[in-house]
S.K.: 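What follows is a structure written as structure tokens; I'll ask about it next.
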Amino acid sequence: QVQLVESGGGLVQAGGSLRLSCAASGGTFSTYAMGWFRQAPGKEREVVATRSSSSRTYYADSVKGRFTISRDNANNTVYLQMYSLKPEDTAVYYCAARPWSTSMRRDEYDYWGQGTQVTVSS
């Protein structure tokens with residue numbers, strides 16, 4: 001069983017930056033693909049970025065060039081660095097994990113964190 005705990009959310013002005021962290025425990029972190037998803041009020045949860053156990057990455061078109069997903073296997077942590085934030089990035093951001101290969105489908109992730117709120121003001 002893998003436990004995931006996100007941190008780093010907050011309120012930021014448009015154009016600002018934030019770094020989200022997700023600390024994992026209870027499994028062999030290096031063998032898991034990690035993903036960041038987000039859910040805005042009234043909308044479905046959507047993929048933001050994923051990184052496989054072999055460090056293959058995927059980004060949603062809406063965040064390409066602005067967000068970077070990285071992982072520190074020594075510290076069992078995955079990060080989401082967010083630059084040039086926009087009001088439309090406002091959402092609860094969730095960290096998720098699944099064995100080995102990455103996926104853009106939320107229903108293919110086995111483990112989820114509790115989420116962290118990101119609010120971008122205009």
Side-chain angles (χ1 to χ4, degrees):
Q1 190 77 5
V2 176
Q3 292 82 42
L4 303 172
V5 179
E6 302 98 333
S7 61
L11 173 64
V12 64
Q13 288 189 332
S17 62
L18 280 175
R19 188 177 80 158
L20 306 182
S21 300
C22 173
S25 61
T28 305
F29 181 75
S30 61
T31 66
Y32 282 84
M34 303 299 297
W36 285 98
F37 292 75
R38 67 186 181 187
Q39 188 167 18
K43 295 188 176 181
E44 291 190 353
R45 192 171 299 187
E46 62 178 5
V47 66
V48 175
T50 67
R51 192 174 184 105
S52 71
S53 58
S54 61
S55 293
R56 175 175 291 186
T57 58
Y58 164 84
Y59 294 95
D61 287 343
S62 59
V63 306
K64 277 181 183 175
R66 299 189 299 122
F67 291 10
T68 301
I69 185 171
S70 62
R71 61 190 298 162
D72 180 349
N73 287 341
N75 290 300
N76 295 351
T77 303
V78 63
Y79 302 98
L80 185 69
Q81 179 68 56
M82 305 184 293
Y83 294 105
S84 301
L85 283 160
K86 305 175 181 180
E88 50 265 44
D89 294 318
T90 295
V92 177
Y93 283 71
Y94 297 90
C95 172
R98 68 186 302 272
W100 297 112
S101 61
T102 192
S103 171
M104 280 64 79
R105 293 182 51 157
R106 64 181 186 270
D107 60 353
E108 294 187 349
Y109 283 78
D110 301 309
Y111 305 102
W112 292 84
Q114 82 289 348
T116 186
Q117 177 71 46
V118 172
T119 303
V120 184
S121 63
S122 57

S.K.: On a heavy-atom basis, which atom in T31 and which in T28 lie closest, and how many Å separate them?
M.R.: OG1-O, 2.7 Å
S.K.: For F29, does its backbone N or O pair with a side-chain atom of R71 as donor and acceptor, under 3.5 Å?
M.R.: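 Yes; at least one donor-acceptor contact below 3.5 Å.
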S.K.: For a quick test of reading the model, state the closest non-hydrogen atom pair linking Y32 to P99 and the distance between them.
M.R.: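 Minimum heavy-atom contact is CD2-N, 3.7 Å.
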S.K.: Minimum heavy-atom separation for L20 and W36, please, with both atom names.
M.R.: CB-CH2, 3.6 Å
S.K.: Please report the interatomic distance OG1(T68) to OH(Y79), rounded to the nearest 0.5 Å.
M.R.: 14.0 Å
S.K.: Do the side chains of K64 and D61 get close enough for a salt bridge, i.e. N-O under 4.0 angstrom?
M.R.: yes
S.K.: Considering non-hydrogen atoms only, spot the tightest contact between M34 and I69 and give its length.
M.R.: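 Closest approach of M34 to I69, heavy atoms only: O-CD1, 3.9 Å.
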S.K.: In Å, rounded to the nearest 0.5 Å, how long is the span from CD of E108 to OG1 of T50?
M.R.: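 Nearest 0.5 Å value for the CD-OG1 distance: 11.0 Å.
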S.K.: Find out whether Q117 and T90 are in side-chain contact, i.e. whether some heavy atom of one side chain is under 4.5 Å from a heavy atom of the other.
M.R.: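 Yes, side chains in contact.
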S.K.: Say whether Y59 and V118 are linked into one hydrophobic cluster, either directly or through other cluster members, by side-chain heavy-atom distances under 4.5 angstrom.
M.R.: yes
S.K.: Do L80 and R38 have side chains that get closer than 4.5 Å, going by heavy atoms?
M.R.: no
S.K.: Can you say whether the rings of Y93 and F67 are parallel (under 30°), tilted (30 to 60°) or perpendicular (over 60°)?
M.R.: tilted
S.K.: Do T102 and Y109 pass the side-chain contact (heavy atoms from CB on, under 4.5 Å) test, and can you show the C-alpha distance, the side-chain angles, and the key distance before you say yes or no?
M.R.: CA-CA 9 Å; T102 192; Y109 283 78; 3.5 Å; yes
S.K.: Quick one, M82 with V48, criterion side-chain contact (heavy atoms from CB on, under 4.5 Å). Give me CA distance, side-chain angles, the key distance, then yes/no.
M.R.: CA-CA 11 Å; M82 305 184 293; V48 175; over 6 Å; no
S.K.: Run the side-chain contact (heavy atoms from CB on, under 4.5 Å) test on V47 and R105 for me, step by step, so that the C-alpha distance in whole Å, both residues' side-chain angles and the decisive distance to 0.1 Å come before the verdict.
M.R.: CA-CA 7 Å; V47 66; R105 293 182 51 157; over 6 Å; no
S.K.: Might you point out which heavy atoms bring K86 and V120 nearest each other, and give the distance in Å?
M.R.: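 The answer is O-CB, 3.2 Å.
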S.K.: Any chain of hydrophobic side-chain contacts (each under 4.5 Å) joining Y83 to L11?
M.R.: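 In one cluster: no.
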S.K.: Would you compute the distance between atom SG of C95 and atom OH of Y111 and round it to the nearest 0.5 angstrom?
M.R.: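 Separation between the atoms: 13.0 Å.
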S.K.: Would you name the heavy atoms of A91 and A40 that are closest together and state the gap between them?
M.R.: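 Closest heavy-atom pair between A91 and A40: CB-N, 3.8 Å.
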S.K.: To the nearest 0.5 Å, what is the distance between OG on S121 and CD on Q13?
M.R.: 5.0 Å
S.K.: Looking at CG of L4 and CD of Q114, how far apart are the two atoms once the value is rounded to the nearest 0.5 Å?
M.R.: 9.0 Å
S.K.: State the OG-CG distance between S55 and N73, to the nearest 0.5 angstrom.
M.R.: 7.0 Å
S.K.: Should the pair R45 and F37 be classed as cation-pi, given the thresholds of under 6.0 Å to the six-membered ring centre and 45° from the axis?
M.R.: no
